[in-house]
Novice: 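Dropping a structure here in structure tokens format, bear with me for questions.
Because only heavy atoms are used, hydrogens play no part in the values below, and waters and symmetry mates are left out as well, while side chains stay in. The structure displayed is predicted, hence computed values, not measured ones. Chain naming here is simple, since letters A, B, ... match the order of the sequence lines and numbering starts at 1 in each.
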Amino acid sequence: MNVAAPQSTAMRWIYLAYMLVFFLYLAAPLVSAAIFAFNDSLFPALPWKGFTLDWFFGSTEPMLGLFHDRRLMEGLKNSVVIGLIVSTLSVAVGTCNAFLFERRSFPGKSLLYVLMIVPLVIPGVILGISILVFASMIANGVEEVFGWEWDFLRPGTFLVVIGQFSFLVTIATLVIAARLRKFDVSLEEAALNLGASRSRVLMTVTLPYLTPALFAAFIVSFLMSFENFNTTLMLVGSDAPLTITMYDRMVKVGSTPVLNAVSVFLMIGSGLLALLSIFAQRGKGQA
Amino acid sequence: MSRSDASKLTLFLLFTPFVLWMLLLIILPQIGVGYLSLREKVGPGDYTFGLGNYADFLGEPVYWNTLLRTAWMSVLVTILALFAGFPVAYYIAKVANQRSRAALFLMCLVPLWVSDLVRAFGWIVLLRETGLISGALQDLGVIRGPIELLYNDITVIIGLVYTVVLFMIVPLVSTLDGMDNSLLEAGYNLGGSRFTVFRKIVVPYAMPGIVAGSIIVFMLTAGSYLTPILLGGKNSMWFTEQIYEQFVTRYNWESGATFGVLLLVFTSFVVWLGLRLTGQSLASTVAKD
Amino acid sequence: MYDLECQSLTKRFGAYHAVNNVSFDVPRGSFFSILGPSGCGKTTLMRMIAGFENPTSGDIRIKGASVIGTPPNKRSVKMVFQHLALFPMMNVGENIAYGLRCQKENKTDIARKVKSVLERIGLPGVAEKQVSQLSGGQRQRIAIARCMVLEPDVLLLDEPLGALDLKLRERMKVELKLLQSQFNTTFLYITHDQSEALIMSDNVAVMNAGQFEQIGAPQELYNNPKSGFVAGFVGDTNRWPGRISAVNGGEARVALEGGHEVVAKLGDPGLREGAKVEIFVRPETISLTPSLGANRLRGRVDSLLFNGANSRLLVRTGGDELVEVAQGVMDKTLAVRQGDEVELSWRNEHCLAFAVAG
Amino acid sequence: MYDLECQSLTKRFGAYHAVNNVSFDVPRGSFFSILGPSGCGKTTLMRMIAGFENPTSGDIRIKGASVIGTPPNKRSVKMVFQHLALFPMMNVGENIAYGLRCQKENKTDIARKVKSVLERIGLPGVAEKQVSQLSGGQRQRIAIARCMVLEPDVLLLDEPLGALDLKLRERMKVELKLLQSQFNTTFLYITHDQSEALIMSDNVAVMNAGQFEQIGAPQELYNNPKSGFVAGFVGDTNRWPGRISAVNGGEARVALEGGHEVVAKLGDPGLREGAKVEIFVRPETISLTPSLGANRLRGRVDSLLFNGANSRLLVRTGGDELVEVAQGVMDKTLAVRQGDEVELSWRNEHCLAFAVAG
Amino acid sequence: ETLRLLTWGGYAPDTVIKAFEAEYPDINVEVTLSNNEEIIAKLRATGGSGYDLAQPSHDRIMAAQQEYNIYKPLDLAKVETDKMQENLLDAVKTNTTIDGNIYAVPHQWGTSGIVVDKTKAGDVKDWADLCKEEYKGRTSMRLRRTILIGMGYSLGYDPFALYADPAGYQKMLDAVTEKMISCKSIVKTYWNGGDDLSTLLLSGEVVASEAWDSTAFKLYDQNQNFIYVPPSTGALTWIDTFVIPRKGRADDAAYKWINFVMRPEIVTMMSDSTGAISAVKGGIELLPEDKKAAVKLAFDDAAIANMRFFANIPAGLEDMEGKALERIKAATSN
Ligand SMILES: Nc1ncnc2c1ncn2[C@@H]1O[C@H](COP(=O)(O)OP(=O)(O)OP(=O)(O)O)[C@@H](O)[C@H]1O
Ligand SMILES: Nc1ncnc2c1ncn2[C@@H]1O[C@H](COP(=O)(O)OP(=O)(O)OP(=O)(O)O)[C@@H](O)[C@H]1O
Ligand SMILES: NCCCCNCCCN
Ligand SMILES: [Mg+2]
Ligand SMILES: [Mg+2]
């Protein structure tokens with residue numbers, strides 16, 4: 001008997017019903033967004049005018065499909081590139097941080113630890129504007145004093161990467177540190193004791209143990225980079241990632257079913273990636 | 001090289017990325033924003049230092065009303081997310097059997113990974129005048145003409161709760177997961193009713209999760225942009241939008257920076273207050289993965 | 001008068017019988033233990049009594065009244081959990097007061113009772129401490145106090161010493177027994193450690209695979225086990241397989257696999273010639289002075305396991321049985337060394353034969 | 001020739017002396033145990049030998065050569081960790097081969113050695129299994145094999161049985177001893193369980209608060225403890241406080257707090273009249289038949305702690321000492337019951353007096 | 001090389017880009033959709049880098065350039081100015097000459113006014129009519145300065161004349177703000193871009209709205225019920241221009257684009273996408289047929305005579321307008 005569960009039949013049903021309603025609530029907007037990706041109409045709205053895949057594969061206006069829409073595909077490419085760079089960086093720095101906070105002791109550690117978490121709770125817009133402002137200050141300063149044009153400090157891919165990186169590091173650190181914390185240091189000592197050098201211990205014992213977490217941190221960072229809006233909005237230049245392109249489309253062009261198609265695409269893509277990360281995390285190395 | 005030298009070197013190597021990140025991407029930029037917020041515009045290209053931007057903020061009810069509204073709506077959303085999410089987290093962590101547990105948790109997570117924009121867009125498609133709900137209600141004969149369900153506070157709140165509730169559920173599940181059923185059994189065994197056990201044992205036990213979830217949810221809500229803008233439409237009025245407006249529509253970086261500082265200070269204050277009232281600390285809640 | 005009676009209690013999980021037709025009565029004020037290996041169904045049995053599992057069939061009576069259908073929070077049995085389940089978010093005083101609060105007692109009564117129970121368990125003044133500030137043994141006592149303050153009819157204890165370290169466990173055994181006689185409450189105690197069960201209990205039920213093998217006083221179980229399982233599980237023993245070559249009254253001649261022959265009491269009246277049996281002889285009944293009984297075995301000293309008063313001699317017989325011998329090892333009357341030839345002997349009545357299970 | 005010598009080893013953490021001026025030698029091929037309560041510094045000592053901590057002062061020699069300054073991966077001492085520390089991401093074979101790979105041995109040698117060591121520990125054919133598929137006792141042996149395959153000069157074992165359950169622990173004690181004699185390697189074994197140390201070791205060092213109290217063979221420690229701590233920690237014992245009223249040669253008359261007077265051997269030659277002491281008498285040396293020695297105490301049977309061969313009688317004396325008695329409890333020669341008046345006696349040489357610490 | 005365009009929705013249709021890239025195979029066109037405010041904001045943030053060609057309206061260039069120095073002077077020798085309609089070119093030149101440098105040339109022009117579904121809101125004639133109770137939840141506006149000025153006219157002010165009198169302008173803004181706030185419950189939503197508005201109208205959710213005539217002309221093509229109504233107080237006329245950001249890296253490509261889109265066949269393609277009238281000579285004639293018809297239908301001579309050009313906005317007033325817009329935005333309705 002599970003004491004945590006409701007005991008009376010009525011309560012059990014009420015609870016189940018609530019869960020059902022909740023999951024309906026979770027699914028509702030996603031499902032409705034998905035449905036209209038297949039509506040043979042120029043508007044993502046009722047009435048239903050029949051099934052079509054044109055919003056994915058159509059190659060002519062006005063039903064130009066997602067895969068033929070230059071700007072959306074461009075945005076997708078930008079998103080992927082930014083995501084890959086940011087995730088790689090975040091995982092690299094996150095790993096260092098995890099070792100720093102889990103393995104080392106140094107004065108002021110707990111204070112720095114709190115500082116490390118802070119980017120997670122700073123609103124994204126503020127991260128965005130602060131980096132924009134700071135980068136501009138430097139760029140302007142450098143231009144005034146030396147006459148150099150440091151264009152990479154102007155809105156554009158570099159700043160977007162930097163901006164997303166600034167808070168994804170925290171997430172990557174937390175994910176990796178959580179696993180590192182469960183790591184039994186005596187495994188490393190055992191390896192040393194058996195004659196392995198420090199670098200060999202790292203390569204054969206510590207990193208293999210961390211792999212699932214590194215992988216998960218990478219995917220989580222990638223997904224969060226991919227969907228990030230608030231920070232990116234302030235830092236984006238001419239090569240905008242997909243969310244920004246989509247947003248521009250939405251507010252400046254209005255909702256058209258191609259956006260539904262993008263949504264379906266994103267749902268499937270991120271769903272698969274998320275699954276992958278979850279399996280990676282629980283997969284091996286649990287022994 | 002002796003062992004302690006090597007260990008100092010690796011400590012240094014581990015510290016470097018952390019320090020660079022903190023300094024260049026977090027601390028100095030925040031100082032930069034603070035500095036900018038103190039710059040007052042006198043005329044085109046002409047600036048002095050002072051608290052003028054802050055005075056402007058206080059002098060303009062639109063601004064601080066928006067901040068207050070953002071804050072109280074965020075608190076409301078946080079509370080609603082807690083009430084909506086707690087039963088779900090509890091179900092996943094404690095009621096569901098081992099196999100469906102993982103599946104349910106996964107189902108919870110999928111929307112989390114789809115971007116805010118898509119989720120807001122989903123709501124628009126669902127709630128607009130020509131959307132599914134309006135259509136369904138007409139078909140059922142509940143209403144005669146189409147009805148507009150967008151552009152009001154309730155919709156904004158529903159949408160915000162939607163975007164953040166998962167951030168409430170995840171930490172709650174992980175704390176509740178750690179709660180041994182024998183605590184509940186002890187609670188009943190000693191004569192506690194279901195309500196007593198819930199109030200005296202489950203809730204206090206889940207407190208770190210509740211606080212962690214609430215902080216994240218509150219910050220996310222207060223800092224959110226898309227959902228209130230897209231679902232609120234003409235009635236959105238959200239403080240992040242004010243910041244964006246200052247930067248983009250008014251090209252007034254100085255007051256935008258001021259708003260940014262105010263948002264950060266104000267939300268941090270609320271979080272600090274929450275931590276104080278519940279006796280928790282940031283490191284022990286949010287960081288506990 | 002019995003504080004607790006269980007009649008034909010059965011609990012099935014799916015097709016699996018976790019508890020199978022168990023009946024027993026616990027007299028008022030006595031200390032009753034259930035002893036059995038891991039997974040034999042002890043916890044399941046206790047959870048039924050506490051109300052956390054519904055029996056598949058059978059009845060549970062507390063002070064004569066059936067409690068089937070009574071929810072756990074309405075039963076007058078309190079439980080000390082294996083890992084204690086002290087509430088981490090409450091301090092010691094609040095933990096103890098929890099049950100009283102649930103009964104809506106008034107504040108002054110609660111304070112008085114908490115104070116008095118803390119004194120009785122020898123920990124006055126810890127009420128304000130956090131649970132985490134206490135040592136393992138202290139927590140143990142708090143967990144008991146938390147139950148006892150409610151004056152239950154029966155106290156259930158599920159391997160409460162399992163988490164403690166060796167020396168502390170030794171001490172707590174004695175202490176628990178003292179607490180029980182002090183509170184004069186009926187204790188139902190679960191353990192897989194025979195020494196705990198033997199030392200503390202008035203009566204012990206030996207459980208195996210969901211069923212009770214034997215119920216009796218500790219001495220009875222130790223000296224007159226009714227099954228091979230009980231003989232092997234309760235106390236140290238030598239155990240050799242063999243086959244009955246002749247039955248004579250209550251005794252049998254048993255041919256051991258190594259070729260020796262011994263005379264053993266039949267643990268099982270139904271055993272016939274040719275039956276496969278196991279022979280049980282306790283180390284402390286085996287003597288190196290070949291005078292004690294009809295049973296003799298020659299062998300060579302393999303090693304001396306020195307352990308103070310519990311030292312053992314390992315003797316390897318010609319038939320390759322390894323015999324643990326306890327008697328005469330420590331009294332320096334007999335000095336043996338590794339490699340010495342010795343003759344072992346024991347009385348017939350100390351040698352039991354039981355059918356091999358399965 | 002000594003495989004391991006430690007000279008005046010000291011380790012301070014801040015102001016705290018975790019290990020304080022410890023010296024000992026371990027002869028080649030012997031089984032040496034360090035026995036002490038939790039927190040006394042055993043692990044710290046072992047970690048210094050393995051190279052994971054630098055001694056604050058003192059020297060460590062392995063096969064005569066100092067290893068101070070040698071990094072852990074260059075020392076020929078291998079270690080079995082308390083929780084074994086088998087690599088979860090490798091299978092059994094890879095675990096065992098790990099050290100050989102680090103030595104860059106060639107593949108065929110590695111395969112051959114792994115196979116042979118698995119045979120020697122009695123687990124042939126498990127090389128392909130995952131660690132998680134093995135039982136506790138099997139893992140134990142794999143952890144040892146992983147070290148032994150490297151043919152170390154010294155094998156360190158840090159409470160390797162701590163995580164196992166009761167019955168398995170009993171079995172592994174014997175098995176470990178067998179493995180050691182089979183590999184014929186020097187074992188340095190850490191434990192806080194006296195029965196492990198006594199049963200397996202050639203020599204035992206008793207450690208307390210960072211220092212060695214006594215080094216000796218098990219029998220010596222048990223029978224001739226050199227300090228109150230050793231007398232109390234090694235084996236069960238009765239322990240009463242008292243004060244010396246007269247010293248006579250190696251013996252003293254001691255007035256117990258309850259008023260009785262006993263004669264005890266001086267554990268400490270320096271003890272004088274009037275000194276506060278503690279008296280140690282082992283339960284198994286106390287007899288209920290009043291003939292054995294000069295020491296007599298009258299008392300009333302408080303309770304019988306039945307535990308098979310380890311049963312005890314608790315006797316409360318007039319002076320309110322609680323005396324544990326083991327002798328004569330189980331041989332039914334003497335039938336006593338709770339409440340009976342009894343006279344206890346023991347030989348003078350079984351009664352030791354040590355100064356009270358502090 | 002890449003030509004990075006920062007422009008309005010519809011101003012860089014794929015058809016035109018394809019034609020351009022076909023002609024100049026080594027140039028790759030990248031487009032960022034924007035509006036006046038964002039163009040300035042972006043370029044201010046980038047210090048005039050990141051884009052090679054931008055298209056703000058003629059009245060929004062001077063102040064931004066003076067304050068942020070984000071554009072570079074044009075080399076008119078590289079622009080085929082002779083193809084441009086002179087009065088528009090002159091208007092833009094006078095509006096964007098700083099220290100003798102010219103910063104912009106015209107691209108397309110049009111007016112801001114009202115679009116209605118004539119079957120459902122035939123009686124909407126002026127800005128203030130969008131606030132009629134009977135159209136509750138059926139009208140829309142763009143919450144930018146255009147509507148402030150339009151509403152100012154409707155309320156009887158002359159906003160452009162008040163440019164010289166900040167205090168008077170503020171008074172007008174106060175009145176307009178009040179009107180707009182009370183109007184908020186009538187308005188369904190504020191639109192952001194032409195296509196956004198089209199969606200609202202085509203889906204039937206909105207029946208009358210402030211609009212760019214260009215949007216209205218495009219709609220007419222799809223549904224003849226949507227007609228453009230020049231407000232009775234006068235349609236507000238804008239010219240969207242070409243400017244080159246200060247750190248543009250592809251000036252040659254930029255000039256090529258400017259000249260390219262003045263070719264007659266491109267003008268027609270462009271106008272088909274934007275609905276607006278090109279600033280080349282005979283721009284109206286180059287409109288696709290349906291748009292031409294829509295223009296004819298919308299503008300009679302009186303309406304043309306009544307057109308009011310946006311005047312260069314003085315810097316200070318922009319802040320006043322910004323505040324007014326914020327107040328309107330922040331007011332609650334329902
Ligand atoms: N809810 C359940 N569903 C299915 N099987 C169960 C359940 N609870 C217990 N069992 C099974 O019933 C058997 C008895 O379990 P129980 O916990 O009573 O053993 P135990 O005697 O207390 O063991 P231990 O000494 O290890 O605590 C076990 O085989 C267990 O796997
Ligand atoms: N790195 C360290 N820093 C400070 N103190 C330490 C450190 N390592 C150990 N100690 C302290 O040194 C003392 C001895 O510790 P050690 O681990 O050696 O004990 P032990 O005898 O192995 O105990 P146990 O039987 O519980 O394993 C303890 O009081 C411990 O707290
Ligand atoms: N206030 C100036 C308006 C400029 C309009 N540009 C119209 C672009 C239409 N797609
Ligand atoms: Mg159990
Ligand atoms: Mg230790």
Novice: Got a second to check how far A:F43's CZ is from E:T199's OG1, nearest 0.5 Å?
Specialist: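 The CZ atom of A:F43 sits 6.0 Å away from the OG1 atom of E:T199.
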Novice: What residue among E:T2, E:T32, E:L5 forms side-chain contact (heavy atoms from CB on, under 4.5 Å) with A:S238?
Specialist: E:T32
Novice: Looking at chain A, which one of E:S198, E:S203, E:A45 has the largest number of heavy-atom pairs inside 4.5 Å, strictly under?
Specialist: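 Maximum pair count with chain A is reached by E:A45.
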Novice: What part of E:S49 is in contact with chain A, defined as an atom under 4.5 angstrom from a non-hydrogen atom: side chain, backbone, both or neither?
Specialist: side chain
Novice: Highest number of heavy-atom pairs under 4.5 Å with chain E: which of A:G156, A:P155, A:G237, A:A240?
Specialist: A:P155
Novice: Does anything in residues 132-147 of chain A reach chain E? List residues with heavy atoms under 4.5 Å apart, or say none.
Specialist: A:L132, A:S136, A:E143
Novice: How about CZ on E:R144, more than 12 heavy atoms from neighbouring residues, nucleotides or ligands closer than 6.0 Å, or not?
Specialist: yes
Novice: Step by step, would you call E:V31 with A:R70 a side chain to side chain contact (heavy atoms under 4.5 Å, CB included)?
Specialist: CA-CA 10 Å; E:V31 183; A:R70 219 165 109 130; over 6 Å; no
Novice: Rounded to the nearest 0.5 Å, how far apart are CD of A:E149 and CZ of E:R246?
Specialist: 7.0 Å
Novice: Sort E:I17 into side chain, backbone, both or neither according to what part of it lies under 4.5 angstrom from a heavy atom of chain A.
Specialist: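 The side chain, not the backbone.
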Novice: Ignoring hydrogens, what is the shortest heavy-atom contact between E:K42 and A:V236? Give both atom names and the distance.
Specialist: CE-O, 3.5 Å
Novice: Considering non-hydrogen atoms only, spot the tightest contact between A:D248 and E:L33 and give its length.
Specialist: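 Result for this residue pair: OD2-O, 4.0 Å.
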Novice: More than 12 non-hydrogen atoms from neighbouring residues, nucleotides or ligands closer than 6.0 Å to OH on A:Y25, yes or no?
Specialist: yes
Novice: Does the pair E:R4/A:E74 count as a salt bridge with the N-to-O cut at 4.0 Å?
Specialist: no
Novice: Top residue by heavy-atom pair count (under 4.5 Å) with chain E, among A:L42, A:I244, A:D151?
Specialist: A:D151
Novice: Tell me, for A:L64 versus chain E, whether the close heavy atoms (under 4.5 Å) come from the side chain, the backbone, both or neither.
Specialist: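 Side chain of A:L64 only, per the 4.5 Å heavy-atom cut-off to chain E.
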Novice: Check whether any side-chain heavy atom of E:E30 sits under 4.5 Å from a side-chain heavy atom of A:R71, and report yes or no.
Specialist: no
Novice: Less than 4.5 Å to any heavy atom of chain A: does that hold for the side chain of E:R44, its backbone, both, or neither?
Specialist: neither
